[in-house]
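Scope of the values below: all heavy atoms of this structure, side chains included, with no hydrogens, waters or symmetry mates. Just so we're on the same page: letters track the sequence lines, and every chain starts at 1.
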Amino acid sequence: MGLDFNVVPEFLDLILIGAMWTIAITLVAGAISLGGGVLFAVIALYGHWLVRYPIKFFAWLFMGTPLLLQLFLIYFGLVQVGIDLPAFVAGVIGLGLHFAVYNSDIIQAGILAVDKGQTEGGRTLGLSQFQTIYKIIVPQALRNTLPPIGNNIIALLKDSALVSVIGVTELIHASQLAISETFRPFEFYITAAVCYYAINLALEAILRKIENNAQIAR
Amino acid sequence: MSPTQPFINIRHAKKNYGDLEVLKDISLQVEKGQIVAIIGPSGSGKSTLLRAINDLDSLTEGEVWLEGMQVNKKLPTRQYEKHINKLRQEIGMVFQHFNLFPHLTVRENITLAPKMLKGLSNANANKLAQEQLERVGLGDRIDYYPSQLSGGQKQRVAIARALAMKPKVMLFDEATSSLDPELVEEVNLVMKQLAKENMTMIIVTHEMAFAQSVCDKVLFMDQGVVVEEGLPEIIFKTPQHERTKSFLANHLNGRF
């Protein structure tokens, strides 16, 4: 029994919906990972110890367990204590926070790499520490760490596949649905792979554009 | 503020880093409109003294007063932050390495603080930026990024940025030390212009000719003490102390 891609068009709607969900998860979780990464990094470096240590502990917890387990805990576990999140919400929170912890490490290094003179420049104008961090330090730290953060976003795109296990019909789950009706795993998994490549290319193009725009301003 | 009180008054300033005494009981008075140069070898404490004026480096002991207000007042952290942020708006500072914000345009560098701290509207902030840039001769560079400017231009933008806060005093921390020789003059010209406008200035510098021609008073520091202070023509022409003489002699021979 050879490959027969003629089975695919019939399920194209399903696959495209799956691709849309994959993109939606990547965008929302990516935004959470970036915002959370900045927040955790700033707290870890500048925060009062009362918030700094809990955040560090939280980061350690997230680094030490598989993403899959974290998704299970957020989706199936939290229900037991009365927090019933929709699968998509649970998925983007889990994925977003997981990558926020990794982004935080990168952004911390980026913040520490910003010249001390930048802080002095801001503070001597009369800006508060918070204003200096928010307007001067973090924007530069983000510019300097765009390439590794971009890599994390691409890793996040691929790990969005894990959200299929809590029932979000993203690309993998959509493919599995198609396969269960057609018994054609190879065709549909290859189709899914092609979709991932396409999304990846688009993402890389966007990231490259952002990096190029940031080049002049450093 | 009583009429007898100096504009800037540094009283018995001491600064230690562990066992190292960087400033050993220094006092300095600066009058409004006065231009003071601080000279001396590297490690003499001149930058530390300058940076104590806006509390960028905190003194271990001693007081800094600006117009009858104590800069390094003992206050609880939160109150102190408010106090010092307010005071720093009135103390302009220019650094050796410019410290322009590379991710912002020249315009944004200049308007950032006036907008955030004084609530200036976009239109007023833009006007202010244009004015200050013209003052330093860079009116046509408003939409450039710092990376597109030469060192001398960067420093002039840094001066414009400080001036945009309408400071009462300007501190210059070796403002021309990292510039190529041919770019020093354009920055010096701007500083001379400020001197003509009666801006109060304290200048840490290695440029003796500039200090001599512009300043009202010169401090020679070495190893954390003021060895000698007085009128520039006296310090440069007839220094009293051996240490001053040898420093100036070495300087003229280009050893520093």
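Proximity to chain A is limited to the side chain of L117(B), based on heavy atoms less than 4.5 angstrom apart. Proximity to chain A involves both the backbone and the side chain of Q89(B), based on heavy atoms less than 4.5 angstrom apart. With a threshold of 4.5 angstrom between heavy atoms, F95(B) approaches chain A through side-chain atoms but not through N, CA, C or O.
In this structure, Q118(A) and L100(B) approach most closely via the heavy-atom pair NE2-O, 2.7 Å. Nearest approach of Q140(A) to P102(B), heavy atoms of both residues: OE1-CG, 3.3 Å. Minimum heavy-atom separation, L125(A) to A113(B): CB-CB, 3.9 Å.
Crowding of Y53(A) atom OH: a count of heavy atoms from other residues, nucleotides or ligands under 6.0 Å not exceeding 12. Y196(A) OH: more than 12 foreign heavy atoms inside a 6.0 Å radius. Counting heavy-atom neighbours within 6.0 Å of R52(A) CZ, excluding the residue itself, gives a total above 12. Atom CH2 of W65(B) has more than 12 neighbouring heavy atoms from other residues, nucleotides or ligands inside a 6.0 Å radius. The number of heavy-atom neighbours closer than 6.0 Å to CZ of F130(A), taken from other residues, nucleotides and ligands shown, is 12 or below. By the 6.0 Å contact criterion, CE on M20(A) is open, its count of non-hydrogen atoms from other residues, nucleotides or ligands being 12 or less. Atom CD of E197(B) is surrounded by more than 12 heavy atoms from other residues, nucleotides or ligands within 6.0 Å.
Judged by distance alone, the side chain of H103(B) and the main-chain N or O of A214(A) form no donor-acceptor pair under 3.5 Å.
Going from atom CD of Q129(A) over to atom CG of N85(B) covers 10.0 Å, rounded to the nearest 0.5 Å. Separating the CZ atom in R123(A) from the CG atom in L56(B) is a distance of 9.0 Å, to the nearest 0.5 Å.
Among the candidates M165(B), R161(B), Q96(B), the residue making the largest number of heavy-atom pairs closer than 4.5 Å to chain A is R161(B).
The residue from I136(A), T124(A), D115(A) that alone fulfils the side-chain contact (heavy atoms from CB on, under 4.5 Å) condition with N99(B) is D115(A).
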